[in-house]
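Each remark here refers to the structure printed beneath this line.
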Amino acid sequence: GKLSVSLEALHFEVERIGDGASPPSDVEIIRQMRESKEKAIAVRASQLGDLVRQREEEADNAGGSGDAAGPTPTSPPHGKKQGFVAKLIRKVVNNIHIEVEDAQASFSNANSGLAFGLELGG
């Protein structure tokens with residue numbers, strides 16, 4: 001059977017209410033962006049370091065023979081399990097039916113003078 005979701009009415013509105021403070025200066029925005037990029041670079045470097053250590057451990061466990069990136073004796077069952085999960089998720093997603101009859105969404109920001117609205121109606 002199929003999973004069915006019926007949505008007859010949804011009204012959603014978001015309005016940003018400013019704290020009365022002036023917007024950050026260009027210098028402050030640049031500083032925040034640099035900090036964010038530095039953090040992202042540090043996280044990525046840590047991930048790459050972990051991956052290198054994992055590959056080295058796999059190579060050591062394989063007795064140093066063969067390519068560390070190649071298949072190991074434990075790879076095929078893991079791959080089959082991932083394939084099964086992917087097929088199961090695909091089957092569930094393909095059997096979901098969503099019907100929207102009346103939906104409204106809007107966003108407004110008084111500080112910048114921006115407003116956006118979307119209505120899907122029946």
Pairwise side-chain contact, K39 with S36, heavy-atom cut-off 4.5 Å (strictly under)
no
Just wondering, are more than 12 heavy atoms of other shown residues or ligands nearer than 6.0 Å to CG in D26? no
Distance col, row S106:OG vs F116:CZ, nearest 0.5 angstrom, shows 9.5 Å
Heavy-atom nearest pair, I96 first then V92, reads CG1-O, 3.2 Å
So if you build clusters from Ile, Leu, Val, Met, Phe, Trp, Tyr with side-chain heavy-atom gaps below 4.5 Å, do V93 and V85 land together?
yes
When rounded to the nearest 0.5 Å, the distance separating CZ of R55 from CG of D60 is 13.5 Å
Verify salt bridge (charged side-chain N to carboxylate O under 4.0 Å, His left out) between E56 and R53, making sure each step is shown before the conclusion.
CA-CA 5 Å; E56 289 172 350; R53 280 188 292 281; over 6 Å; no
- So do Q47 and V43 actually touch side chain to side chain, heavy atoms under 4.5 Å? yes
In this structure, CZ of R31 is separated from CD of E35 (nearest 0.5 Å) by 4.0 Å
